[in-house]
Amino acid sequence: MAELVVTMAIRPLVAMLRDKASSYLLDQYNVMEGMEKQHRILKRRLPIILDVITNAEEQAASHREGAKAWLQELKTVAYEANEVFDEFKYEALRREAKKNGHYKKLGFDVIKLFPTHNRVVFRHRMGSKLCKILEDINVLIAEMHDFGLRQTFLVSNQLRQTPVSKEWRQTDYVIIDPQEIASRSRHEDKNNIVDILLGEASNADLAVVPIVGMGGLGKTTLAQLIYNEPEIQKHFPLKLWVCVSDIFDVNSVAKSIVEASPKKNDDTDKPALDRLQKLVSGQRYLLVLDDVWNREVHKWERLKVCLQHGGIGSAVLTTTRDKQVAGIMGTDRTYNLNALKDNFIKEIILDRAFSSENKKPPKLLKMVGEIVERCRGSPLAATALGSVLRTKTSVEEWKAVSSRSSICTEETGILPILKLSYNDLPAHMKQCFAFCAIFPKDYKINVEKLIQLWIANGFITEQEEDSLETFGKHIFNELVSRSFFLDLEESKDSSGYYSRTCKIHDLMHDIAMSVMGKECVVAIKEPSQIEWLSDTARHLFLSCEETQGILNDSLEKRSPAIQTLICDSDMQSSLKHLSKYRSLHALKLFISGTESFLLKSMYLHHLRYLDLSYSDIKALPEDTSILYNLQVLDLSYCNDLDRLPRQMKYMTSLRHLYTHGCWNLKSMPPELGKLTKLQTLTWFVAGVPGPDCSDVGELHDLKIGGQLELRQVENVEKAEAGVANLGNKKDLRELSLRWTKVGDSKVLDKFEPHGGLQVLKIYSYGGECMGMLQNMVEIHLFHCERLRFLFRCSTIFTFPRLKVLTLEHLLAFERWWEIDEWQVEQTIFPVLEKLFMSNCGKLVALPEAPLLRGPCGEGGYTLVHSAFPALKVLKMEDLESFRRWDAVEETQGEQILFPCLEELSIEKCPELINLPEAPLLEEPCSGGGYRLVRSAFPALKVLKMKCLGSFQRWDGAAKGEQIFFPQLEKLSVQQCPMLIDLPEVPKISVLEIEDGKQEIFHFVDRYLSSLTNLILKLKNTETPSEVECTSILPVDSKEKWNQKSPLTVLELGCCNSFFGPGALEPWGYFVHLENLEIDRCDVLVHWPENVFQSLVSLRTLLIRNCENLTGYAQAPLEPLASERSQHPRGLESLYLENCPSLVEMFNVPASLKKMDIRRCIKLESIFGKQQGMAELVQVSSSSEADVPTAVSELPSSPMNHFCPCLEELRLVQCGSLPAVLNLPASLKTLEIYGCSSIQVLSCQLGGLQKPEATTSRSRSPIMPEPPAATAREHLLPPHLESLTIRDCAGMLGGTLRLPAPIKTLRIYANSGLTSLECLSGEHPPSLESLWLVRCSTLASLPNEPQVYRSLYFVCIRRCPTIKKLPRCLQQQLGSIDRKYLDACYKVTEFKPLKPKTWKEIPRLVRERRQACRS
């Protein structure tokens, strides 16, 4: 069956050739002159070949080698012939452009651009090519008889037709919600794995759980269910998903993991593994590695080393078809996924094969059981077979499918069934889907771009009734309905431009690859094989570094006829061998670091698709206008682009022009209206009227659709008519109008767009009102500073379709409509779902709310007001005058309801006093029945209130009744000084109170049974002695709690009642607390050891702005710091900031991985009280002659094995620290800023006590007598990878020895260090980044070549004692791209010897030696 699959893509190729040979353009411009006879013969021959292709494919499938070879030769000839007729078409377009005056505009450039387009030369050259094609085709026809190929009379139009739809079939791809079946069928599997992952919560080792099973069993779907499970979302703060697929390159996988995180833009200059380690360090994370095939143990171990730095309870969930892969990952937690039960397989088939319950023919239903057996529990096989059966209506057709579908086995998997699904496609759909092999596995494919690539490559031919794009959408939707594409998503970018993406299942991708063979080449890392690019390659996807180098090297010896080239990584230098790109039909380049286009238009005559989005180009070359075939030009987000080619009007094939995000574009080229095929134009920039630019009137006759933004509207002549024309374009769905600044304008006073326009965005309009916009689905108004009301109308009308309304920075907006005295009897906004209002300073109220009936009591109802019965999101910000919830002041006191509102945000509304008066509603009781409660927001889930200076009440009526929010989950109250109580919220999980009063404490306790996040940041108005110690957990209820609080995050600001001698909080109640933040706590004087002991789950602790915190309490029988217990035991990250009285650290636990201390100016030690510190300070302050040679001789304190897991230490402005002793060997990152008192850095010595010795002066038991050397040395941790010392003048005198793993070294503004050296007896380090700035005493750098071989960045500035760089560094400078050196070092930069002759070598060597000596 594999051979059959491969051959089935040839018929459309020959049909494409037939259509090109019959093009009217060839006759219209007489380009076949002198070749008419050959042309007629060719047109007669092609249908003969089409008639026998089906028979040839059947013979090839039966392993007839002759037929297979014939088909392969036919494919080669068809490709060559298509290229020949592409040249004929371009010649016709060139003659058309010449006729229309393009040559005059090009001037002398014509000779350079068209060197061979003399008619006589063209006829001779193309005549010989056509004769060769005809000769090859005659040979193929002769061979037809030798191989016994016979005609099968198919209607050729079938190539262009979509399958005929049946009455009881539906062509829409949305048939079922697959997640519904998946969640039910894999419910037990999901729960089992969730239990495994949650059960590892206290495990310090990385948990790896592989899901193993045959392809198509639903491993990825199960992983998605687990990933999105609410318990998992809550348990893992960091969640990452990466599809690995075939290539397990460690650096690439690490990079993919980092880029899947919110911190994907951090440290982009660092190696991927370092970034990964930093990302997961100290965090409990869940990483899903989907579709793993790697069997190389060392690769997994390299990745695992980084992953093991995560927090306790971290887990990796993998999916794989290979049991050996699961074994290599070193786990006993392998989960073997079983086949799906037959009842679910049957359900999938029925839902795919039929469209509704009442139209399922009984005869076909009887056959479903046989189909179920074929699937062997594979949901993907069931989906594929069901999709095939969807176009079959008779029992005979179903039997044929059943007999042809191989049973799934462990050996064959489901590929036979998937091949059957592919074979069932019409020929043109086969070619379209097979082309998708150009994309890597798990790649997000832009649907619109995919269809354009199909068109560019000629896979979709002209249709009489539909446009190419419409027919392409039909093909895509049909492929979706047959499950060839999945994971359809719609997204919106920063400019508001919508796009739709999809993916291909890995197994379906394998099918596409088997069809295309070597025609599609995908390189996502630098190819290692010399022969990676064969001469048969036609479609290339490159996403690796040095793309231009790879292409240049590959094309030096080979000449493939490349039709599609997609470069997904940046290009910074020019391409070579430009003539070898002549056959390109589609090109995507991301040009960075250069302002010019990397290819030449004279070699791109056949180009249909050009994507340069996000490139750094300033302008396209003027000769771009000779790309007469170009259909798609994407220049989106080319931020520097300031102009388009002036002669663009001659690019008459152009259908789609993307210019959104081109912020510097000044105008559009003249006579744009001549591009009569243009369908998409995302930004039209109206320039100052003149001959060099187009006015918006040029768009009058163009059928522009989709999204269009008209910019600089103030430059438009006859703007009212021009805008009105845009509003009436029937294919336009979204229109944006943007003025540069607000000025007098009445352009939109009578604006009435057509009913098809759904979205309208207006920027900086200067009118007072709008026209009739009642057919809009979305209206967005920005900076329309003179707009007073939405519409002017004497009669009431509604917005029956409006779902989204944005009103932003409308300074004069005061009323919703012009007429005040309306008796509103109908709802103006009946379906509005989202309303955003900000900076509308004169707006006083929401629109008048009509009366509605609301349920109340046993079958009764109550009358309530509601202006927005369907509203789900309401955000109000910076409304200075807003004070009422209803426009009519007399209705204040009547009940108002927001029945569907889920999210409410109110910010900076200083006049607002209360929420609307709440009506009585029914609330079910737990024991049955109901109760009546007051609630204006029965569906509200998120409520945020901020900067409401007058807000006092949760209800408009002062009745003292409790207000109820039955569904509220998140409540945030910030800077509402008049508010002293909280409402009844039974389902709340997140509560945030900022700058609130102490009285609110009384209301927090009612939420403790459901809260997971609590943020209390109260006003710091009381002194510690005045604080009333009020507990958030009432004393009378403490004994009633049988379960512990679910709280995991607690942030406290000015909450003095939690700490100090009279603290009432029972910290043992918060056993699940993982993150604790303490801010501005004045009563916190000593470390709260009792609190630390109770918080058994604490992972992150942040203490800041506690001015009175000093350290441990000084009790008479206080044990030594070393004898105290280490709490909290599971702590992984510790942050201390701005505690100016802090002298001593607490005894941090062994689990700590990260420590960050800032602005603790009195801190004397970071690892508790360290033995010998006073003596060390005394020695450090003595004369240089008495300073010991090696700090490694310091005696080990009992703290010697402190923090064995610490990996990251940061010290900022801790001016009293004299030394940092006992640095743990595990440390990988050390950063010190503004700590000028530190004289010594020392590392732990593995716990071995050194013999006591005394110095010659003090005789203190510190270290032995130094030998003759007097320079001080500092011992860094052996695994340190990054060291930063900044603004520490006078710190660390002497020598700094660098450990082998160090890769990043930054030293700024230091006047103590004299030399940098490698550790003796160890392998020298291999630096990647070196910064030395203002190091006034540093004179010596390492002289080992290994130190500098990996450098990609070096900066050495203002270091006066470094007279000359080491020779090995000089030799390396030429290969370092990023280097910043003082002028005195640049003269010694090493340049490779490049003699022109052998005789020059001795002279160059002498010059080199002389330069090095000087």
Side-chain angles (χ1 to χ4, degrees), residues 9 12-13 15-17 19-20 23 25 78-79 81-90 92-93 160 428-439 443 445-463 466-476 479 499 512 516 519-521 537-542 560-568 581-590 599 601 603-613 620 624 626-636 651-658 675 677-680 706:
L13 195 61
M16 187 196 312
L17 174 60
D19 293 340
K20 287 180 180 180
S23 172
L25 275 174
Y79 271 129
N82 270 289
E83 290 178 25
V84 168
F85 276 93
D86 281 340
E87 292 189 55
F88 280 122
K89 181 185 178 184
Y90 183 81
L93 293 172
R160 308 182 192 178
H428 60 285
M429 288 190 188
K430 286 188 176 76
Q431 191 174 32
C432 289
F433 175 72
F435 171 78
C436 296
I438 190 177
F439 301 107
Y443 186 81
I445 304 170
N446 184 300
V447 175
E448 185 177 21
K449 301 293 186 189
L450 175 63
I451 294 172
Q452 291 168 356
L453 287 170
W454 287 344
I455 295 171
N457 279 288
F459 303 155
I460 301 176
T461 53
E462 295 283 352
Q463 304 293 308
D466 288 325
S467 68
L468 293 171
E469 290 77 10
T470 301
F471 191 57
K473 290 175 183 176
H474 289 327
I475 293 175
F476 178 79
L479 289 170
S499 63
M516 299 302 289
E519 287 186 32
C520 278
V521 178
R538 294 194 171 267
H539 308 288
L540 271 64
F541 183 102
L542 301 177
I562 304 173
Q563 289 183 205
T564 307
L565 175 58
I566 300 177
C567 297
D568 221 26
Y581 294 94
R582 287 181 183 275
S583 56
L584 271 179
H585 284 207
L587 173 64
K588 173 179 169 57
L589 294 178
F590 169 33
L599 292 171
S601 300
Y603 300 118
L604 300 173
H605 290 172
H606 307 316
L607 199 64
R608 271 85 165 164
Y609 175 101
L610 178 58
D611 183 352
L612 300 173
S613 55
L620 285 175
T624 304
I626 71 169
L627 301 182
Y628 304 130
N629 275 309
L630 196 66
Q631 300 168 345
V632 178
L633 177 57
D634 189 348
L635 301 169
S636 57
M651 301 169 68
T652 52
S653 297
L654 200 63
R655 306 169 74 90
H656 307 280
L657 176 57
Y658 300 93
L675 303 181
K677 295 181 180 179
L678 197 64
Q679 303 172 19
T680 302

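The CD atom of Gln679 sits 10.0 Å away from atom CG of Leu654, with the distance rounded to the nearest 0.5 Å. Note that CD of Gln452 is 8.0 Å distant from CG of Asn446, once rounded to the nearest 0.5 Å. One finds the NZ atom of Lys473 at 7.5 Å from the OG atom of Ser467 (value rounded to the nearest 0.5 Å). Rounded to the nearest 0.5 Å, atoms OG1 (Thr470) and CD1 (Ile451) are 9.0 Å apart. The distance from atom SG of Cys567 to atom CG of Leu589, rounded to the nearest 0.5 Å, is 5.0 Å. Atom CZ of residue Phe435 and atom OG1 of residue Thr564 lie 4.0 Å apart, to the nearest 0.5 angstrom.
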Would you sort out whether Val632 and Ile455 count as a side-chain contact (heavy atoms from CB on, under 4.5 Å), showing the intermediate values?
-> CA-CA 10 Å; Val632 178; Ile455 295 171; over 6 Å; no
Decide side-chain contact (heavy atoms from CB on, under 4.5 Å) for His539 and Gln563; before the verdict, give the C-alpha distance in whole Å, the side-chain angles of both, and the deciding distance to 0.1 Å.
-> CA-CA 6 Å; His539 308 288; Gln563 289 183 205; 3.9 Å; yes
Assess whether side-chain contact (heavy atoms from CB on, under 4.5 Å) is satisfied between Asn629 and Leu607, documenting all intermediate values.
-> CA-CA 6 Å; Asn629 275 309; Leu607 199 64; over 6 Å; no
Residues Leu604, Leu610; criterion side-chain contact (heavy atoms from CB on, under 4.5 Å); working and verdict | CA-CA 10 Å; Leu604 300 173; Leu610 178 58; over 6 Å; no
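Ring geometry for His605 versus Tyr90: interplanar angle under 30°, hence parallel rather than tilted (30 to 60°). Classified by interplanar angle (parallel below 30°, tilted 30° to 60°, perpendicular above 60°), the ring pair Phe88/Phe85 is tilted. In this structure, His428 and Phe471 have parallel ring planes: the angle between them is below the 30° cut-off, well short of the 60° mark.
Nearest heavy atom pair, residue Ser613 against residue Lys588, reads OG-NZ, 3.7 Å. The two residues Tyr628 and Ser653 come nearest to each other via the heavy atoms O-OG, 2.7 Å. In terms of heavy-atom proximity, Gly458 sits nearest to Met16 at O-CE, 3.3 Å. When all heavy atoms of Gly472 and Trp454 are compared, the closest pair comes out as O-CZ3, 3.8 Å. Of all heavy-atom pairs between Glu83 and Arg538, the closest is OE2-NH1, 3.3 Å. When all heavy atoms are compared, the tightest approach of Cys432 to Ile460 is SG-CG1, 4.4 Å.
Taking the side chain as every heavy atom from C-beta outward, Phe459 and Ile475 never approach each other to under 4.5 Å. Contact of the Leu453 side chain with the Ile566 side chain is registered, since non-hydrogen atoms from C-beta on lie closer than 4.5 Å. Proximity of Tyr581 to Leu565: side-chain heavy atoms (C-beta onward) are separated by under 4.5 Å at one or more points. At a threshold of 4.5 Å between non-hydrogen side-chain atoms, the residues Leu620 and Leu635 count as touching.
For the side-chain contact (heavy atoms from CB on, under 4.5 Å) test with Arg655, the passing option among Leu468, Leu678, Thr680 is Leu468; the others fail.
Between the side chain of Asp634 and the main chain of Ser636, a donor-acceptor pair closer than 3.5 Å is present.
Annotation: cation-pi geometry satisfied between Lys449 and Tyr658 (NZ/CZ under 6.0 angstrom from ring centroid, within 45° of ring axis).
Taking 4.0 Å as the cut-off between side-chain N and carboxylate O, Asp86 and Arg608 count as a salt-bridged pair.
Inspection of the His656 and Glu448 side chains reveals no N or O donor paired with an N or O acceptor under 3.5 Å.
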